Amino acid sequence: MADPKGFMKTPRQEWPRRPVAERVQDWDEVYVPGALLPIISRQADRCMDCGVPFCHEACPLGNLIPEWNDLVSREDWRAASDRLHATNNFPEFTGRLCPAPCEAGCVLAINQPAVTIKNVECAIADRAWEEGFAPPRPPERLSGRTVAVIGSGPTGLAAAQQLTRAGHTVAVYERDDRLGGLMRYGIPEFKMEKRHLERRLEQMRAEGTKFRTSTAVGRDVDAAELRARYDAVVIATGATAWRELDVPGRELAGIHQAMEYLPLSNRVCEGDLEVSPLSAAGKHVVIVGGGDTGADCLGTAVRDGAASVTQLDIYAQPGAERDELTQPWPTYPKIYRMSAAHEEARDLETAPVADADARLFAASTLRFTGDADGRVRSLHLVEVDALRRPLPGTGRAIPADLVLLALGFSGPDRGDGLVDQLGLELEPRGTIARDAGFATGVPGVFAAGDAARGQSLIVWAIAEGRAVAAAVDRHLTGSSRLPAPISPHDRPMAV
């Protein structure tokens with residue numbers, strides 16, 4: 001602990017965001033460039049180096065948080081980078097995209113604002129790249145074994161990097177034209193600029209990982225034939241089967257899944273398109289779903305220049321403080337949080353039908369109605385109680401020219417044939433079945449990430465990638481020195 005009284009003397013200070021009026025005019029990250037480093041050493045001083053640091057348990061990666069907080073407070077950035085990369089392949093991703101369950105588990109958070117762990121992590125990662133502390137780490141020798149990784153999201157990339165560094169020859173197959181999975185086409189540029197992804201991919205190429213884009217295993221390449229060509233296969237395709245909303249009027253034009261809308265905006269940022277064919281410009285937009293994907297749609301629609309944007313959340317508005325009875329420390333609490341997108345919607349008053357930040361809580365969609373051309377024009381909703389039962393007399397209609405469904409994902413998409421061609425078993429909820437060693441019922445085939453766990457956080461995705469890499473390495477060589485931070489059956493801390 002660099003300063004034993006740091007948590008008493010220094011208040012929590014987060015990475016400041018750019019003014020709303022400025023940032024909604026572009027697609028750059030929402031934070032003030034260069035504003036993090038001047039404050040981060042004192043913020044790291046607030047870490048108490050607890051005897052039992054629950055931040056370790058709250059993070060599935062097992063990040064050595066008190067250690068690198070102490071090193072940052074002393075401005076030993078190289079050592080901090082070494083500690084951080086010892087447990088996390090991609091801290092520049094998690095430092096921007098993770099909701100930080102580690103902060104919910106911070107001991108200081110029992111009665112004070114938590115340490116800004118996520119900001120410290122991001123500062124270390126960015127400084128590591130600036131100072132050259134994250135060079136490629138190719139293996140000293142090759143094992144002669146080959147592995148195919150299907151999917152280039154955080155799970156697939158983490159597994160591929162670990163296995164490549166262990167000496168195996170790894171090829172990553174990605175169905176899209178660019179690498180990154182949802183980080184590429186599902187995460188808006190204002191949350192994470194894709195230069196961070198490109199930089200890490202170049203590191204992986206230099207280490208020896210091979211990439212095959214625009215190749216959908218099961219459609220472009222037969223999955224069984226691919227299995228025969230490699231010593232092991234890791235399925236890390238993610239949970240891409242989106243959930244539907246079965247209500248009257250769903251067939252109307254103008255109602256789309258979030259993952260039909262968001263990738264097009266990312267393609268505009270990539271230079272593939274001048275304007276998205278699903279642009280929200282001038283439209284009344286309604287987003288059905290109160291999670292992070294819905295917030296991403298909100299921020300994107302605001303930048304498109306929507307006439308109005310409203311987000312529906314079927315749950316009641318949570319309180320500002322943790323409920324110690326139902327969500328005690330150190331579990332991750334469901335509290336009222338203000339994302340950058342909600343801050344923008346609040347300041348710009350994008351949703352006249354909502355109270356504050358574009359969200360309508362405890363709202364359930366009843367049906368859609370359209371015009372004579374078959375295009376959606378209204379969404380009819382009703383308020384619900386805690387059991388999602390409609391409350392009499394609360395029904396109303398709100399204008400809707402573009403409706404985006406952000407209802408989450410149930411498991412891997414079976415449309416490409418991968419599951420059937422390999423003969424994989426599925427769990428009742430639609431995810432790929434696997435044993436305690438990440439192995440499926442098909443010899444040499446392993447499953448990891450959202451495809452097997454179900455929809456989860458980026459830290460769990462990376463932890464799954466690291467853990468399945470250890471399992472594959474053990475399968476190929478009989479033993480492994482690769483870390484395995486989690487088992488397939490581990491879950492976030494809960495009551």
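None of the values given here were measured: they were computed from a predicted structure.
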Do the ring centers of His85 and Phe133 come within less than 6.0 Å of each other? no

Neighbour count above 12 (heavy atom, 6.0 Å) for Arg491 CZ: yes

Exercise: do Thr87 and Asn63 side chains pair donor with acceptor under 3.5 Å: yes

For Ala494 and Thr331, work out which heavy atoms get closest and say how close. CA-CG2, 3.8 Å

Is a salt bridge present between Arg359 and Glu343, judged by a nitrogen-to-oxygen distance below 4.0 Å? no

Assess the side chains of Glu174 and Ser152: does a donor N or O sit below 3.5 Å from an acceptor N or O? yes

Go through it in stages, so that I can follow the logic: the residues are Asn89 and Gln161, the test is side-chain hydrogen bond (donor to acceptor under 3.5 Å, both in side chains), and I'd like the CA-CA distance, side-chain angles, deciding distance and then a yes or no. CA-CA 8 Å; Asn89 295 71; Gln161 185 166 64; 2.8 Å; yes

Flag for Thr209-Thr164: side-chain donor and acceptor within less than 3.5 Å: yes

Please report the C-alpha distance between Trp27 and Glu193 in whole Å, then the side-chain angles of each, then the deciding distance to 0.1 Å, and finally whether the side chain to side chain contact (heavy atoms under 4.5 Å, CB included) criterion is met. CA-CA 8 Å; Trp27 294 91; Glu193 295 173 8; over 6 Å; no

Under the rule for side-chain contact (heavy atoms from CB on, under 4.5 Å), what residues qualify as partners of Glu270, not counting sequence neighbours? Arg178, Arg184, Lys194, Asp272

Main-chain N/O of Cys98 paired to Lys118 side chain as donor or acceptor, under 3.5 Å: yes

Would you mind listing every ring pair (Phe, Tyr, Trp, His ring centres under 6.0 Å) that reaches into residues 337-362, with sequence neighbours excluded? none

Indicate the atoms forming the closest heavy-atom contact of Leu298 with Val309, along with that distance. CD1-CG1, 3.4 Å

Before giving the answer on side chain to side chain contact (heavy atoms under 4.5 Å, CB included), spell out for Tyr336 and Met338 the whole-Å C-alpha distance, their side-chain angles and the decisive distance to 0.1 Å. CA-CA 7 Å; Tyr336 180 81; Met338 179 76 69; 3.6 Å; yes

Kindly say whether Glu131 contributes a backbone atom to a donor-acceptor pair with the side chain of Trp77 at under 3.5 angstrom? no

Walk me through whether Glu464 and Phe438 qualify under side chain to side chain contact (heavy atoms under 4.5 Å, CB included). CA-CA 9 Å; Glu464 287 253 341; Phe438 294 89; 3.7 Å; yes

Taking the six-membered ring of Tyr31, is NZ or CZ of Arg18 closer than 6.0 Å to its centre and within 45° of its axis? no

Should we count CD of Glu425 as having more than 12 external heavy atoms under 6.0 Å? no

Sidechain N-carboxylate O distance under 4.0 Å for Asp82, Arg78: no

Tell me which one of Arg17, Arg23, Arg96 satisfies side-chain hydrogen bond (donor to acceptor under 3.5 Å, both in side chains) with Glu29. Arg96

Would you kindly say whether Asp413 and Thr240 are connected by a side-chain donor-acceptor distance under 3.5 Å? no

Are more than 12 heavy atoms from other residues, nucleotides or ligands located less than 6.0 Å from atom CG of Asp292? no

Distance-only donor-acceptor check, side chains Tyr261 and Asp296, under 3.5 Å: no

Would you kindly say whether Glu121 and Asn88 are connected by a side-chain donor-acceptor distance under 3.5 Å? yes

Option among Arg42, Lys9, Arg46 that satisfies the salt bridge (Lys or Arg N to Asp or Glu O under 4.0 Å) test with Asp3: Lys9

For Arg466 and Pro485, work out which heavy atoms get closest and say how close. CB-CD, 4.0 Å

Can you tell me if CZ on Arg322 sees more than 12 non-hydrogen neighbours from other groups inside 6.0 Å? yes

Taking all non-hydrogen atoms of both residues, which atom of Ala354 and which atom of Leu360 are closest, and how far apart? CA-CD2, 3.9 Å

Closest heavy-atom pair, Cys122 versus Trp15, reported as atoms and distance to 0.1 Å, is SG-CZ3, 3.7 Å

List the steps, then state whether side chain to side chain contact (heavy atoms under 4.5 Å, CB included) holds for Leu379 with Val288. CA-CA 10 Å; Leu379 180 148; Val288 183; 4.0 Å; yes

On the six-membered ring of Tyr315, is Arg388 placed so that its NZ or CZ lies under 6.0 angstrom from the centre and within 45° of the ring axis? yes

Around atom CD of Glu324, are there more than 12 heavy atoms from other residues, nucleotides or ligands closer than 6.0 Å? yes

